[in-house]
Amino acid sequence: MQLNLVVLPGDGVGPEVTAQAVRVLREVADIYGHRFHFEEHSVGGVAIKETGSPLPAATLEACRHADAVLLGAIGAPEFDHLSSPHKPEAGLLQLRRELGGFANLRPVSSYAALTGTSPLRSEIVDGANILFVRELLGGLYFGEPRGITSSNGSSSAFNTMRYSVSEIERVARVAFEAAMRRRRRVTSVDKANVLETSQLWRQTVSQIASEYPLIELDHLYVDAAAMHIITKPKRFDVILTENLFGDILSDEAAVIAGSLGMLASGTVGGTIDLYEPVHGSAPDIAGLGIANPLGAIASAAMLLRHTMHLEDEASDIEAAIENVLDAGYRTRDIAGEADRFVSTSEMGQRVTESLAEVADSRHAYHAV
Ligand code: NAD
Ligand code: IPM
Ligand code: MN
């Protein structure tokens, strides 16, 4: 199988973690006899420095011709003073819009080896497995009008939350389809007690549910959902929600996995799929070689599964991640107070080595 991948390392820890994801993908290509071609381009703050734009034309053009895009992270404090259209974040949002993926899949599960390091008690997180389906191209992120005005020396700012029925329907279908392959339960999260967008959301999701009689649908208000996610995470299968709620709740849910550095994501439904860890550029630890690369590596696994339909390769990467955790290797964010921790690069190396073993035992199994 041939795969042309555009890699956008971006800012902060982005280059550190994507390097490890690429390393693992190279190993996959080697082991399974695929031809993976990697082309690197700039996005975010580094792109602003190089070209003046957070999404240079050459980057976008390369992404449009790729089989899939793997992104690290964007953003840095030195750009915080810029206005929205000029920030590194604008580059990521424009990229998402151009590639067209409207459904952002964010799986969150607890790892047996890490239940003890989660700030939540083991009996609460043990066995939790949630798929967030976050709407990614609508809501407050893209709604118009938006802006800052001033009159008589006083400023005011405004954003627009807007959703159409078709925008809700298409992402709802992704959630219901995913639930059919899981535990057949969808929880739709909104703020329908206050917001019109949420009232339309709830009504539309309920209508789509009638096409899926085998799925059990329930609705939660976002404030209560925030509480249930960390008190009873096992009650959830698929959580379907709009853009901003999904952004917030998925970071919160990272405590189930033990760290934000563990979470992967894939954005599907458009012309080109986009994969990125859930975390940001982590300026507080950038350059120290201690970032957790597992979210980026797990994003590469999602890429192989969803875009390339390479299920064996994807699940072997996931098994390798589990093995490495079971063997006790930890980056700093998932290490206990007294534990020794390994660098970003050593973690990538351990996963790569474990992958070779996992693949070997798969071959041995097939040979029997
Ligand atoms: P962040 O996700 O970068 O960091 C939050 C906390 O999690 C920090 O303490 C950080 O050290 C830790 N963390 C994050 N990733 C980690 C990893 N791989 N290993 C270990 N620890 C990790 O969020 P923030 O600090 O609020 O934002 C920093 C910048 O990143 C901002 O400019 C923001 O806009 C941007 N951002 C980008 C993306 C993206 O590119 N997809 C996502 C979120 C935030
Ligand atoms: C994420 C990030 C982005 C978002 C930012 C950097 C634009 O927080 O991917 O979760 O809000 O979608
Ligand atoms: Mn976020």
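Since the model is a prediction, treat every value here as computed from it, not as a measurement. Atoms within each ligand, like the ligands themselves, are counted from 1 in listed order.
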Salt bridge (Lys or Arg N to Asp or Glu O under 4.0 Å) between Lys234 and Glu123, intermediate numbers included | CA-CA 10 Å; Lys234 281 182 264 191; Glu123 67 266 28; over 6 Å; no
**Q.** Verdict with supporting geometry, Arg184 and Glu216, salt bridge (Lys or Arg N to Asp or Glu O under 4.0 Å)
**A.** CA-CA 6 Å; Arg184 297 188 174 175; Glu216 194 187 327; over 6 Å; no
Checking Arg185 against Asp218 for the salt bridge (Lys or Arg N to Asp or Glu O under 4.0 Å) test, could you report, in this order, the C-alpha distance in whole Å, the side-chain angles of both residues, the deciding distance, and whether it holds?
CA-CA 8 Å; Arg185 182 168 183 152; Asp218 67 338; 3.2 Å; yes
Open item on the list: salt bridge (Lys or Arg N to Asp or Glu O under 4.0 Å) for Lys191 and Glu196? Distances and angles first, verdict last.
Closed with: CA-CA 9 Å; Lys191 188 70 186 174; Glu196 285 80 1; over 6 Å; no
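Proximity of Leu260 to ligand 1, defined as any heavy-atom pair under 4.0 Å, is confined to the side chain (atoms from C-beta onward). Contact annotation: for Arg332 versus ligand 1, there are no heavy atoms closer than 4.0 Å. Counting heavy atoms under 4.0 Å from ligand 1, residue Ser259 does not touch it at all. Counting heavy atoms under 4.0 Å from ligand 1, residue Ile285 touches it through the side chain alone.
Atom 28 (C) of ligand 1 has Pro283 CD, 3.5 Å as its closest protein atom, hydrogens excluded (heavy atom only). Among all protein heavy atoms, the one lying closest to atom 12 (C) of ligand 1 is Ala282 CB, 4.5 Å. Closest to atom 1 (P) of ligand 1 among all protein heavy atoms lies Gly280 N, 3.5 Å. Distance from atom 40 (O) of ligand 1 to its nearest protein heavy atom, with residue and atom name: Ile74 N, 2.9 Å. The protein heavy atom nearest to atom 32 (O) of ligand 1 is Glu89 OE2, 2.9 Å. Scanning all protein heavy atoms for the shortest distance to atom 41 (N) of ligand 1 gives Glu276 OE1, 3.0 Å. Closest protein heavy atom to atom 2 (C) of ligand 2: Asp247 OD1, 4.0 Å. Summary of contacts: the protein heavy atom closest to atom 6 (C) of ligand 2 is Glu89 CG, 3.8 Å. Looking at atom 9 (O) of ligand 2, its nearest protein heavy atom turns out to be Arg96 NH2, 2.7 Å.
Not a single heavy atom of Thr331 sits closer than 4.0 Å to an atom of ligand 1. Contact analysis puts Arg106 in contact with ligand 2, with a non-hydrogen atom separation below 4.0 angstrom. At a 4.0 Å cut-off, not a single heavy atom of Gly44 sits close enough to ligand 1 to count as contact. Under a 4.0 Å heavy-atom criterion, Arg134 is in contact with ligand 2.
Atom CZ of Arg202 has more than 12 heavy atoms from other residues, nucleotides or ligands within 6.0 Å. Other residues, nucleotides and ligands contribute over 12 non-hydrogen atoms within 6.0 Å of the CG atom of Leu214.
Within the 3.5 Å criterion, the main-chain N or O of Leu137 finds no donor-acceptor partner in the side chain of Arg96. A donor-acceptor contact shorter than 3.5 Å links the side chain of Thr352 to the backbone of Gly348. Checked by atom type and distance alone, the side chain of Gln199 pairs as donor or acceptor with a backbone atom of Ala192 at under 3.5 Å.
Taking the centre and axis of the six-membered ring of Phe102, the NZ or CZ atom of Arg170 falls inside the cone set by 45° and 6.0 Å. Taking the ring centre of Tyr141 as origin, the terminal cationic atom of Arg134 falls inside the region bounded by 6.0 Å and 45° from the ring axis.
For ligand 2, the polar-atom distance check finds an N/O of Tyr141 within less than 3.5 Å of one of the ligand's N/O atoms.
Closest heavy-atom approach to atom 30 (O) of ligand 1 among the candidates Gly12, Ser281, Gly75: Ser281. The heavy atom nearest to atom 9 (O) of ligand 1, considering only Asp284, Asn292, Ile290, is found in Asp284.
When Val171, Asn104, Leu136 are each tested for a side-chain contact (heavy atoms from CB on, under 4.5 Å) with Asn243, only one passes: Leu136.
Of the protein's heavy atoms, at least one falls inside 4.0 Å of atom 19 (N) of ligand 1.
Among the atoms of Asp251, no N, O or S atom falls under 2.8 Å of the Mn ion (ligand 3).
For Glu78 and Lys49, the salt-bridge test passes: some basic side-chain N is under 4.0 Å from an acidic carboxylate O.
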